[in-house]
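This report concerns only the one structure given below.
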Amino acid sequence: MTAPANAPLSSRGRLAATLPVEQLAEISALFEFRRTGYSLDAPFYTDPTIFKLDMEAIFGQHWIFAASTAELPEPGDYVTVDYGPYSLIVLRNDDGGVNVLHNVCRHRGARVLTKAAGQTGNLVCGYHSWTYSPEGNLIHASAPGEAKFDKNCFALKKAHGLEVAGLIFVCLAAEPPTDFYETAKIFEPYLAPHELAKTKIAYQQNIIEEGNWKLVMENNRECYHCDGHPELACSLFPTWGLTEGLIPTHLEEVWERNKVAQSDLEARCDRYGLPHQVVEELDTRIAGIRISREALDGDGESFSADGRRLSKKLLGDLRDFRLGRCSMHLQPNCWFHFMSDHVITFGVFPINEHQTLVRTTWLVADDAVEGVDYDLDKLTYTWKQTNIQDKAFVELCQQGAASPAYEPGPYMKSEYQVEAFINWYVHRVQEHLA
Amino acid sequence: MTAPANAPLSSRGRLAATLPVEQLAEISALFEFRRTGYSLDAPFYTDPTIFKLDMEAIFGQHWIFAASTAELPEPGDYVTVDYGPYSLIVLRNDDGGVNVLHNVCRHRGARVLTKAAGQTGNLVCGYHSWTYSPEGNLIHASAPGEAKFDKNCFALKKAHGLEVAGLIFVCLAAEPPTDFYETAKIFEPYLAPHELAKTKIAYQQNIIEEGNWKLVMENNRECYHCDGHPELACSLFPTWGLTEGLIPTHLEEVWERNKVAQSDLEARCDRYGLPHQVVEELDTRIAGIRISREALDGDGESFSADGRRLSKKLLGDLRDFRLGRCSMHLQPNCWFHFMSDHVITFGVFPINEHQTLVRTTWLVADDAVEGVDYDLDKLTYTWKQTNIQDKAFVELCQQGAASPAYEPGPYMKSEYQVEAFINWYVHRVQEHLA
Amino acid sequence: MTAPANAPLSSRGRLAATLPVEQLAEISALFEFRRTGYSLDAPFYTDPTIFKLDMEAIFGQHWIFAASTAELPEPGDYVTVDYGPYSLIVLRNDDGGVNVLHNVCRHRGARVLTKAAGQTGNLVCGYHSWTYSPEGNLIHASAPGEAKFDKNCFALKKAHGLEVAGLIFVCLAAEPPTDFYETAKIFEPYLAPHELAKTKIAYQQNIIEEGNWKLVMENNRECYHCDGHPELACSLFPTWGLTEGLIPTHLEEVWERNKVAQSDLEARCDRYGLPHQVVEELDTRIAGIRISREALDGDGESFSADGRRLSKKLLGDLRDFRLGRCSMHLQPNCWFHFMSDHVITFGVFPINEHQTLVRTTWLVADDAVEGVDYDLDKLTYTWKQTNIQDKAFVELCQQGAASPAYEPGPYMKSEYQVEAFINWYVHRVQEHLA
């Protein structure tokens, strides 16, 4: 957990500073008069200026989930991560740390690395071969006769990177919010036993949803729509998000089964020393979090039709398959499920006001063998189906928000986490504008 | 002909109220200084702000042709109709009336119905199963533990619907212009004998034209370009729109044939008690109309190469095939041809400032059997060809309007209906802005 | 070289006159505070308002390369040329001159000619058959009964055309810059011996590059990136743009070979009376130019892998194949290579702020026979490959400019022609705004 020195971005990216006063006042009013407990006004989902503000105030100022350790295990491994107008290189350096560099050559602005992931030594821009060290320093610009050319002034711009318990986060702010370190201390003990550093990528899926990134996040934060996820509901109790007294009649039987399973899981966790308490600070801190360990239905092992394991190899030093799911929600762009046999990470990368990339990655033990220890189609089936369904839901909402007949609707009690996300979002932008 | 109670839209859709004063002044000036007798200035065809104004002042305030009775004959039948930012559900209710509802769930804004047409009982949103009666009332929101949740506040927003002589119109205004009822009284006697309620859809074609909706309408309102419609000119006299004294030499023979045919048709109509007088109030009323019954060339029965019938079944209680075409133009978005053997409806649905959906529907007697009474390819041939040609014309004009070299050109005498449409449009928007 | 009478465009196309004062001030400041020796700020590559300004100040005011004589050899031959919002007809008239007309019908604004190239007598608009003479005069508008319709008021709008040494240029300005005539006098003696009027099109390629037109031009103006053009580097010495003292070690051997070849070429040119001096006035005149005759590697004849001829027929009255390349750069939108056996013309036609059409045309002697005198794949191989590579470079820069991390980078000494192009551009726009 080290935060590298920061080279602050040029101020060109600063929208709030450059918006005409009236337009800024209009946008501020939209935030101020937001009706608590209701979905946002339409412009939050459709307006390109508010999207730019989101990129500045949320994605430009907070810690953003970028990748997992397994995506860049060895020195020289890298991924490129794009969101909004940004393109970043996330690179494993020789010391085992992570460097985060803006993927923009300092000569003529070309993208330096053009692939989604790969292996590299120095970074060589394909245009004029300007060559940067893995730290971003310009070490070779084969410019004939430029004796006085000062290479020190032309390093790739840097951003911050943090690797915690096998998850890699980046931050573009000059001074990243330090509150994240506390959040990291909260979730590290839950994740550590799964040892993400000893996993490998079984599969990665990128889907573009035709919807605003906030609709993608809102959709993730409730299970009120889980009737629309028949595959998921086999193992994830569809009472998720409900509490005693809120259970509808048709779910009462499930609720009883859930309670027994949860009780059994907690006893099991206590036996192994695995934390399982719910921590929920979704809108009460800058790095909002919810983490818990919850029972799965059926055999209680994994996201399969009968709850049985999907990979035969236990992760890390776990000694039992029946550990349900340790699920984590972080603001603003990710969620995770950690099972005993595999892990799924979800990263949300906005493209523009009406398109969002959702990247889902399935991780298994690094010594698990495809076809022997796990069947790839079975491993990915539940969440591939669920993602397709969620994409459709998000897109219906994006279409609806375009209509002048749309007006903010009330969140239900079981949608309190959606409301928490929106609260968090509104307050974070308001603080930025202040 | 019943106008349902209206739930006015949120004022969010109101552009004129929210445009900066200078921009509104600039747009108003474009309307004010419009040169009569000439096509519109380029921004009317290319500017997204003027498109929004069109959606507000024209499509948000007037009666819009949506569908014909044959598209939703039975209780529970519905179509969804989209234009500009709107999506509407048009539904046959149990009393045989038509309900018009905004297709936006009151919970999180999802589109409630996602198909172009279908059959439904209650309307169930696919996201969280909020369930509305066919009247739009929220009757079931399975929100666990929400005892105090007041369903009455969350009905689907309503719009107005009117069904006249087998045609269904919708209006989004809080107070629809009542002048339409007079227009309906004008056209009802012409259409009634064709008994649209006893027709069925033989074919429906949706084409997207890469042009502003006004160019689509302008193109429909003149036959000066009919040399570009060789198939249509077989049956539709290409002297359409001309009057004595305007006939060019090469059309003189056609004009004589037309006069004889028209005289014969009128005698025939008088015999059957069918109205045939031209009524033309295209820009002299809010619900602008032109209706007439005009002879067809050749056998004078239908839009075929030789003017012969295209379906063997007469419509309604008609007793003669040789009835030419009863043609109706309505402002702002439709035209129709009623023949003895089939009917064609044309609906124009703007998408954005440079794209427009044109929906053409061929209706035949509900007991006509495809392959026996009519051949589908022959039935639809003339207007499918004509639509393709018109699409090309519209698109050439849209491209031209983009050039700074474009300037409004003069309408010819035979284009007086184009001018009437433009006059109507300009005055309706100006009244809205006033 | 005749400049036709001009019908100035309507002022609707004038952006600078209509931009709000503040926005104009902001854009002017971007020009004023441009850092010399550095690439432009991001908005120059990404902002649609600056693109409109480019179309007005650069493409609306300067001589633009449109086509070569071989594309319209006979009276009635025409090409249509589109850039930005404009569409132009470039037509060979009966006197052998070139007419340039706006491709916008004066009636309803339709595109008059819809093909990229063809043969025509009078110009007949496909919509209502308005018919114009090759000079653009309206000679027939078959409008019934329009006795008083004054055709003289509705000629197609004209622009200026110039044909010099087989190259055709157009200018939309009311008063084209006369400085071009001096530039033409400079390049005419270099080009004349190749006799473009006696060539034919062997192949024409249109590619759309996803980048701003200025990035396309910048990329053309340096060979610092020529390591990325392995096919081109076989014949074009990759020391291009360098001078004594700037040669990097790995190019020293090539440089020596280049000097010998250049010396041999100049002696040869002197023998035949062919001019070969470098004239370089890229940013010191309105019609900026660089022209030179430079040696090619290998056999020194053409752009092949071994420098050997690609067509067996010499152009014009040339008597030797080994004449290297006479290369010409003109501001703002073209470059050319004239070899003894073929000519390649490159025209850059902006589409919008992030898309540009690049049109490359290969010309050979009009009596050269494909398959006998030249192999089309071999003739076009080197530059087809090079164009694909350049397209990729341009697109990487366009992507990079979108990032807030982009900031203008320094041009190297070998990029002095890029800097000259940018200087020229900045000063031309500033003069227009003044």
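Note on naming: letters A, B, ... go to the chains in the order of the sequence lines (proteins, then strands), and numbering restarts at 1 for each one.
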Please name the residue in the list C:His225, C:Met412, C:Glu222 that meets the side-chain contact (heavy atoms from CB on, under 4.5 Å) test with A:Arg108. C:Glu222
Side chain from CB out, backbone as N, CA, C, O: work out which of these in C:Tyr45 comes under 4.5 Å of a heavy atom of chain A, or both, or neither. neither
Toward chain A, the part of C:Glu26 with a non-hydrogen atom under 4.5 Å: neither
If you look at every heavy atom in C:Ile247 and C:Thr243, which pair is closest and at what distance? CD1-O, 3.7 Å
Which residue is it: A:Phe154, A:Trp130, A:Tyr132? I am looking for the one with a ring pair (Phe, Tyr, Trp, His ring centres under 6.0 Å) to A:His107. A:Trp130
Chain A: which of C:Ala401, C:Cys226, C:Cys397 shares the most heavy-atom pairs with it under 4.5 Å? C:Cys397
Shortest non-hydrogen separation from A:Cys105 to A:Leu156 and the atoms involved: CA-CD2, 4.2 Å
Checking heavy atoms, do the side chain of C:Glu218, its backbone, both or neither come under 4.5 Å from chain A? both
